[in-house]
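What follows is a single structure, written as structure tokens, with notes after it.
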Amino acid sequence: MSVGLQRLREEPDAIRKGAIDKREDPALVDAALAADARRRELQGEADGLRAERNTASKSIGETIKGGAKPDGPEVAALRARSTEIGARLAALEAELATIEAQVEDLLLRIPNPAEPDVPVGGEEANVTIRTWGEQLGRVQPVDGEVGADARGGGETWERKPHWDVAEALDIIDLPRGAKITGSGFPVYKGAGAALQRALISWFLDVHTRENGFTEIWPPVLINQASARGTGQIPDKEDQMYVVTRDDLYLVPTAEVPVTNLHRDEILEPATLPIHYVAYTPCFRREAGAAGKDTRGILRVHQFDKVEMVLLERPEVSQQALEWMTGRAEDLLQRLGLAYRVLLMSTGEMGFVQSRKYDLEVWAPGVERWLEVSSCSNFGDYQARRMAIRYRAEKGGKAELVHTLNGSGLALARTVAAIIETYQQPDGSILVPEVLGPYLGLERIEART
RNA sequence: GGAGAGGUCGCCUAGUGGACUAUGGCGCCGCACUGGAAAUGCGGUUCGGGGCAACCCGUCGAGGGUUCGAAUCCCUCCCUCUCCGCCA
């Protein structure tokens, strides 16, 4: 249950194309259709047999009530007939259970097709929708203003990558994180720790006070049903840390617990839209990324993130995606970080999204764009998996909601970009104005 | 973790092997009455699968079992409540 059997039957070509565009196997579509046809056939037969058995059993009861002896020949004959139906049914039910499992498994592996206007292809097909702010160079004039670029002549200094700045200021301790847990588990210290806390608080405050979100503080362990609901299983199962003893997973993102809040629910008309915002630490194994971005905090196993989760009526989900993306952009603008918005191509967008924007912030120390937010519309795909429905009108028929989510924002890379953008020639870091009151500091300096 | 009590349709609730085709109430929807409403009356109201349809099948926390037949009996698990233990 993901794409929906009805749509699968009605427009198999579109689903097949969607799978090809996302570099998944289109043959799954035909396999699922064939299995479903067989399933319906078997179910028809099984239903018929059950109906027979029901009437047969009922007639036994009535015969006994009518005065026949429960152990007499008349009842025995009826009983024999019912037993025989039961035997046939048992065989059929076993077959049916197998085929049902097959259908479900196939459906779980068919990806959500992208919206028609999403570019087809891989990384090269991503489209830059807009950029904001000045893309600073590494070389800066010594007497220039913060954020000013080197423009010919004069003395210059060179920006450092965030790991050098952070190490010198003793605000991030990577070696000790590696000691107590493993590589990719940063320790934030002193003003570094306070900066984490400040960003989390500020993000949550903006979203709750200005953007109308309801704050959620969810569990960071999730069960299998939740992981399946949002699509981490089976698509991203090997990216999650597993607590095998209790059959739980560490959250890879707040999306999972928060979207699953309404799993198996039918929402009444007035309840939509639902806008949640949640902070959680996020845990990712980054399997397959070994040796990539090993320095600094660009790719870590544990990071902090404030996530927006939206449940919307289908007809407004696209515009809700634009709005939500704007909320994330607003944070970057107020932090004074240069960024660009990318419309991700089919090959880059993942299994469950129908449309996805990535926000990439410019980090002038490493001279790279860093993904700090991913804003996606899932259409009804996740909702179908989770059975989240709503009634458009009181007493009306239940329909699937649309789900969306977006980071607002992910911390580690935002912190890297802040450090690299606001570092000063003397090695200190200016604190972005909006964070001043939260941090109680205007500048992070080496402790003497 | 131990002992006990429970989990039935949005909510409350009846139901201890065949008349359950799951009861009744609240809420909700429709109709009638009304200037409009309240109150009242009548009808409808779990969710899902199949079928053009009449209708059929499943669904009483989940999964197994016993039986011709399970909401009802048995087993395992999950959750809630009470008490005990442990504990930030």
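Note: A:His262 and A:Tyr276 have parallel aromatic rings, judged against thresholds of 30 and 60 degrees for the angle between ring planes.
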At a cut-off of 3.5 Å, list every protein nitrogen or oxygen paired with a nitrogen or oxygen from nucleotides 74-81 of chain B, distance to 0.1 Å.
none

Distances under 3.5 Å only, N/O to N/O: pair up the protein atoms with those of nucleotides 45-47 of chain B.
residue: B:C47; atom: OP1; partner: A:Arg391; partner atom: NH2; Å: 3.3
residue: B:C47; atom: O3'; partner: A:Arg389; partner atom: NH1; Å: 2.9

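Summarising the geometry, the separation between CD1 on A:Ile60 and C1' on B:A19 is reported as 17 Å, rounded to the nearest angstrom. Between the CD atom of A:Glu265 and the C1' atom of B:C11 there is a distance of 15 Å, given to the nearest Å. Rounded to a whole Å, the CD1 atom of A:Ile85 is 15 Å from the C1' atom of B:U67.
Every residue meeting the side chain to side chain contact (heavy atoms under 4.5 Å, CB included) condition with A:Asn126, not counting sequence neighbours, appears here in chain and number order: A:Glu123, A:Met344, A:Ser345, A:Glu348. Take A:Ile20 and apply the side chain to side chain contact (heavy atoms under 4.5 Å, CB included) test, not counting sequence neighbours, and it matches A:Pro26. A search for side chain to side chain contact (heavy atoms under 4.5 Å, CB included) contacts involving A:Ala32 returns A:Leu8, A:Leu106, A:Leu107, A:Ile110, not counting sequence neighbours. A search for side-chain hydrogen bond (donor to acceptor under 3.5 Å, both in side chains) contacts involving A:Glu93 returns A:Arg50, not counting sequence neighbours. In this structure A:Val300 satisfies the side chain to side chain contact (heavy atoms under 4.5 Å, CB included) test together with A:Pro186, A:Ile297, A:Phe303, A:Ala412, sequence neighbours excluded.
B:U8 and B:G1: their P atoms are spaced 24 Å apart (whole Å). On the C1' atoms, B:U46 is 11 Å away from B:C60, given to the nearest whole Å. B:U13 and B:G61 have their P atoms separated by 14 Å, given to the nearest Å. Taking atom C1' on both nucleotides, B:C9 is separated from B:G25 by 14 Å, rounded to a whole Å. Comparing the C1' positions of B:G18 and B:A22 gives an interatomic distance of 14 Å, to the nearest angstrom. Rounded to whole Å, the P atom of B:A19 lies 34 Å from the corresponding atom of B:C78. For B:C47 and B:A38, the C1' atoms lie 34 Å apart once the distance is rounded to whole Å. Distance noted for atom P between B:C77 and B:A70: 24 Å (whole Å).
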With a 3.5 Å cut-off and sequence neighbours excluded, list the donor-acceptor pairs that the side chains of residues 431-442 of chain A form with protein atoms.
residue: A:Tyr438; atom: OH; partner: A:Asp205; partner atom: OD2; Å: 2.7

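Base pairing analysis places B:U40 opposite B:A32; the two distances defining the Watson-Crick or G-U wobble pair are each below 3.5 Å. Across all strands shown, B:C83 forms a Watson-Crick or G-U wobble pair, both distances under 3.5 Å, with B:G2. Of all nucleotides present, none satisfies the Watson-Crick or G-U wobble test against B:G17 with each distance under 3.5 Å. Base pairing of B:U45: its partner is B:G27, meeting the Watson-Crick or G-U wobble criterion (both donor-acceptor distances under 3.5 Å). Pair assignment for B:G69 gives none, since no Watson-Crick or G-U wobble pairing has each distance under 3.5 Å. Applying the Watson-Crick and G-U wobble criteria (two distances, each under 3.5 Å), B:C60 pairs with nothing in any strand.
For residues 178-194 of chain A, the salt bridge (charged side-chain N to carboxylate O under 4.0 Å, His left out) pairs, not counting sequence neighbours, are A:Asp170-A:Lys189. Within the structure, side chain to side chain donor-acceptor pair (under 3.5 Å) contacts touching residues 193-203 of chain A (residues at least two apart or in different chains) are A:Gln196-A:Asp304. The salt bridge (charged side-chain N to carboxylate O under 4.0 Å, His left out) analysis of residues 323-337 of chain A, with sequence neighbours excluded, yields the pairs A:Arg130-A:Glu329, A:Glu210-A:Arg334, A:Asp330-A:Arg334.
Residue contacts shown for A:Ser57 include a base, since a base heavy atom lies under 4.0 Å away.
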> If the sugar-phosphate is the primed atoms plus P, OP1 and OP2 and the base is the rest, what is the B/S/- string for nucleotides 50-64 of chain B, using protein heavy atoms under 4.0 Å?
Replying inline: SS----SSS------
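When side chains are defined from C-beta on, A:Thr271 does not count as touching A:Tyr390, because their heavy atoms never get closer than 4.5 Å. In this structure, A:Glu312 and A:Trp323 have side chains that are not in contact, with every pair of non-hydrogen atoms separated by 4.5 Å or more.
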